Amino acid sequence: MTRLDDLGYPIVVADDATPELASFIRERAYKRVVVLADQKVARRAHGIARALRAQAEVLVFPLGERRKTLRTLERVLEALAEVKADRTTLLAGVGGGVATDLFGFAAATYMRGVPFVAVATSLVAMVDAAVGGKTGVDLRAGKNLAGIFKDPVAVFCDIGALRTLSEPHLREGLSELVKHGIIEGDETFDSLEVLAAHSLRKWPWESVIADSLRVKAMVVADDRLERGAREVLNLGHTFGHAIESVSNYRVSHGSAVAMGLRASGLLALRTGRFSASEHMRVLALLALLRLPLVTPFDDVDALLAAMSVDKKTRGGALRFVLPRALGDVEYGVTVPSRTLRAVLGRIRETPGAAEFR
Ligand SMILES: NC(=O)c1ccc[n+]([C@@H]2O[C@H](COP(=O)([O-])OP(=O)(O)OC[C@H]3O[C@@H](n4cnc5c(N)ncnc54)[C@H](O)[C@@H]3O)[C@@H](O)[C@H]2O)c1
Ligand SMILES: [Zn+2]
């Protein structure tokens with residue numbers, strides 16, 4: 001078990017989160033717990049409830065990105081009212097990033113806010129979604145457009161749950177691991193290079209996840225409400241979100257972020273910030289992890305249009321997060337539009353000698 005305390009609430013990474021959660025609840029003397037679960041992890045949620053004995057009940061909801069809506073939120077809130085949850089009830093949200101975002105939002109709004117613990121069961125939720133206090137749902141107009149900052153009282157990364165997670169869903173989290181590796185540099189990046197040669201099923205997940213979380217937790221601790229420094233966590237995401245949107249969401253978030261990490265490295269290289277050798281290391285790592293590097297379309301104008309609606313735009317100018325080196329990432333960077341266009345054209349091609357010209 002590894003425990004991080006950088007954010008004022010415990011983040012516990014454990015092979016089996018159930019006993020850890022049970023002792024946390026005993027210590028804090030919560031009298032009643034409602035376990036809210038994504039249907040895909042209902043068995044784990046029932047296991048948690050059994051460990052908590054009479055104090056807990058389980059409410060299960062079919063989730064998935066398409067159900068990350070105000071409608072599902074309403075169902076969750078109505079269900080809470082039906083079981084007469086009150087302000088002292090602890091809500092435990094079990095599942096992937098959709099579950100932690102949506103149940104966290106429910107906890108923030110039910111009776112104007114009840115305590116919430118996130119039990120993360122997907123890699124994305126463990127290294128990203130469950131930590132940092134952003135909760136919310138999608139609107140028709142776009143992803144995560146309705147939500148609120150709500151800190152959980154604790155986060156549990158339930159590593160054992162990864163055994164039932166599909167390989168594509170596991171892979172979704174790898175791009176965020178690489179992103180944290182670039183932000184932190186040093187051993188965090190080096191160890192990913194070593195691990196990338198081994199089968200994912202054999203990775204020492206507890207230390208990998210704890211290392212990656214430490215990076216996110218430290219950045220968030222400095223800037224909880226995303227006024228500045230937290231922007232570094234958007235590395236690869238200005239490009240990534242545009243790629244997702246132009247592909248009509250056929251390119252998954254993790255894949256789009258991998259392409260976006262390539263694009264930001266290349267843009268940094270071409271604006272004289274990043275070295276060719278470090279850009280090459282990032283590309284090699286992404287490739288070893290079998291993450292895609294090439295966009296499946298070459299509509300540069302569509303990508304530019306999609307980027308211009310990015311949440312981080314200020315006064316019309318696109319601002320990028322770019323690496324200066326592994327372990328040194330800069331935010332709020334504006335770049336010449338000619339260079340940007342060239343980069344968007346390049347990521348349509350397989351990396352090769354032209355990448356470094
Ligand atoms: N709040 C944040 O800061 C933040 C950060 C990153 C991502 N997110 C959000 O997270 C979501 C993506 O997260 P995700 O990839 O975990 O998606 P997800 O929650 O939809 O989970 C992916 C799939 O795996 C299933 N699943 C989850 N855990 C499982 C397990 N242990 N065994 C078997 N199946 C399991 C889910 O039912 C789903 O089908 C997006 O909505 C994104 O906006 C939020
Ligand atoms: Zn992301």
Side-chain angles (χ1 to χ4, degrees), residues 7 16-17 36-45 47-48 60-69 72 93-105 108 116 118-139 142-152 155-180 183 205 212-213 216-217 219-220 224-226 230 232-241 243-244 249 251-261 264 291 311 321:
L7 284 178
D16 181 3
L36 302 167
D38 177 340
Q39 197 168 48
K40 293 270 179 59
V41 291
R43 275 183 58 176
R44 265 193 119 71
I48 291 171
V60 174
F61 301 86
L63 295 181
E65 192 68 41
R66 289 212 332 274
R67 294 199 176 91
K68 192 181 169 185
T69 58
T72 310
V94 186
V98 167
T100 56
D101 275 15
L102 189 137
F103 295 143
F105 193 19
F116 178 66
V119 180
T121 65
S122 74
L123 186 57
V124 170
M126 293 183 199
V127 299
D128 203 355
V131 166
K134 287 190 190 178
T135 71
V137 297
D138 302 334
L139 298 182
K143 279 186 61 173
N144 299 324
L145 286 183
I148 194 164
F149 283 99
K150 154 100 178 164
D151 276 340
V155 174
F156 295 85
C157 297
D158 197 7
I159 295 174
L162 295 178
R163 283 194 283 274
T164 59
L165 189 69
S166 71
E167 166 111 9
H169 285 131
L170 187 61
R171 228 159 253 293
E172 276 299 290
L174 296 179
S175 311
E176 311 293 345
L177 286 179
V178 176
K179 179 189 80 178
H180 291 157
I183 293 169
W205 285 109
S212 196
L213 266 174
K216 173 149 187 185
V219 174
V220 171
R224 296 173 96 85
L225 299 181
E226 201 165 33
R230 188 167 174 169
V232 299
L233 294 172
N234 289 311
L235 180 65
H237 279 64
T238 302
F239 289 107
H241 288 146
I243 293 165
E244 276 182 277
Y249 294 89
V251 175
S252 73
H253 180 72
S255 297
V257 168
M259 298 169 197
L261 291 174
S264 41
L291 292 167
K311 272 186 266 184
V321 183

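Indexing begins at 1, ligand by ligand and atom by atom, following the structure's order. For reference, positions follow the sequence shown, starting with 1. Everything numeric here is computed off the predicted structure, so don't read it as measured data.
Residues Val178 and Val257 fail the side-chain proximity criterion, which asks for heavy atoms closer than 4.5 Å. The side-chain heavy atoms of Thr135 and Ile148, taken from C-beta on, include a pair separated by under 4.5 Å. You'll find the side chain of Val94 stays beyond 4.5 Å of the side chain of Asp38, heavy atoms only. Considering only heavy atoms from C-beta on, His253 comes within 4.5 Å of His241 through its side chain.
Counting only heavy atoms of the protein, atom 21 (O) of ligand 1 lies nearest to Gly96 CA, 4.2 Å. Given atom 12 (C) of ligand 1, the protein heavy atom at minimum distance is Val124 CG1, 4.0 Å. Counting protein heavy atoms only, atom 16 (O) of ligand 1 is closest to Ser122 OG, 2.5 Å. Among all non-hydrogen protein atoms, the one lying nearest atom 26 (N) of ligand 1 is Leu165 CD1, 3.7 Å.
Distances under 2.8 Å from the Zn ion (ligand 2) pick out the protein N/O/S atoms Glu176 OE2, His237 NE2, His253 NE2.
Taking every non-hydrogen atom of Thr164 and a distance limit under 4.0 Å, the qualifying atoms of ligand 1 come out as 30 (C), 31 (N), 32 (N), 33 (C). Using a 4.0 Å cut-off to heavy atoms of Asn144, the atoms of ligand 1 that qualify are 43 (O). Close approach of ligand 1 to Thr121 is summarised as follows: ligand atoms under 4.0 Å from at least one heavy atom of the residue are 27 (C), 28 (N), 29 (C), 30 (C), 31 (N). Ligand 1 places these atoms under 4.0 Å from at least one heavy atom of Val41: 28 (N), 29 (C), 30 (C), 31 (N). Residue contact check: Lys134 has heavy atoms under 4.0 Å from atoms 1 (N), 3 (O) of ligand 1.
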Ser252 vs Glu172, side chain to side chain donor-acceptor pair (under 3.5 Å): CA-CA, chis, key distance, verdict: CA-CA 8 Å; Ser252 73; Glu172 276 299 290; 2.5 Å; yes

Under the side-chain contact (heavy atoms from CB on, under 4.5 Å) rule, what do Asn144 and Asp138 come out as? Steps first, then yes or no, please. CA-CA 4 Å; Asn144 299 324; Asp138 302 334; 3.5 Å; yes

side-chain contact (heavy atoms from CB on, under 4.5 Å) assessment of Gln39 paired with Arg67: CA-CA 12 Å; Gln39 197 168 48; Arg67 294 199 176 91; over 6 Å; no

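For a threshold of 3.5 Å applied to N or O pairs, the pair formed by Val131 and ligand 1 contains no separation below that value. Ligand 1 has an N or O atom lying under 3.5 Å from an N or O atom of Lys68, backbone or side chain. In terms of polar-atom proximity, defined here as any N/O pair under 3.5 Å, Glu65 does make such a contact with ligand 1. Between Gly97 and ligand 1, a contact under 3.5 Å exists for at least one N or O pair. Between Asp38 and ligand 1, a contact under 3.5 Å exists for at least one N or O pair.
Between the side chain of Arg44 and the backbone N or O of Thr121 there is no donor-acceptor pair closer than 3.5 Å. Listed for the Asp158 side chain is no donor-acceptor partner under 3.5 Å among the backbone atoms of Val119. Thr72 places no side-chain N or O within donor-acceptor distance of the main-chain N or O of Lys68, the cut-off being under 3.5 Å. Lys179 places no side-chain N or O within donor-acceptor distance of the main-chain N or O of Leu261, the cut-off being under 3.5 Å. His237 places a side-chain N or O within 3.5 Å of a backbone atom of Leu235 that can act as its donor or acceptor partner.
Of the candidates Lys40, Arg44, His253, it is Lys40 that places a heavy atom closest to atom 34 (N) of ligand 1. Compare Gly133, Gly147, Ala129, Ala161 by their heavy atoms: the one nearest to atom 31 (N) of ligand 1 is in Ala161. The option with the heavy atom closest to atom 9 (C) of ligand 1, from among Asp101, Val127, Val98, is Asp101. Counting only non-hydrogen atoms, the option in Glu172, Lys216, His169, Arg67 that gets closest to atom 22 (C) of ligand 1 is His169.
His169 is linked by a ring pair (Phe, Tyr, Trp, His ring centres under 6.0 Å) to nothing, counting only residues two or more places apart in sequence or in another chain.
Of the candidates Leu36, Val41, Val98, Val98 is the only one forming a side chain to side chain contact (heavy atoms under 4.5 Å, CB included) with Leu63.
Among all heavy-atom pairs drawn from Gly96 and Ser122, the shortest one is CA-OG, 3.4 Å.
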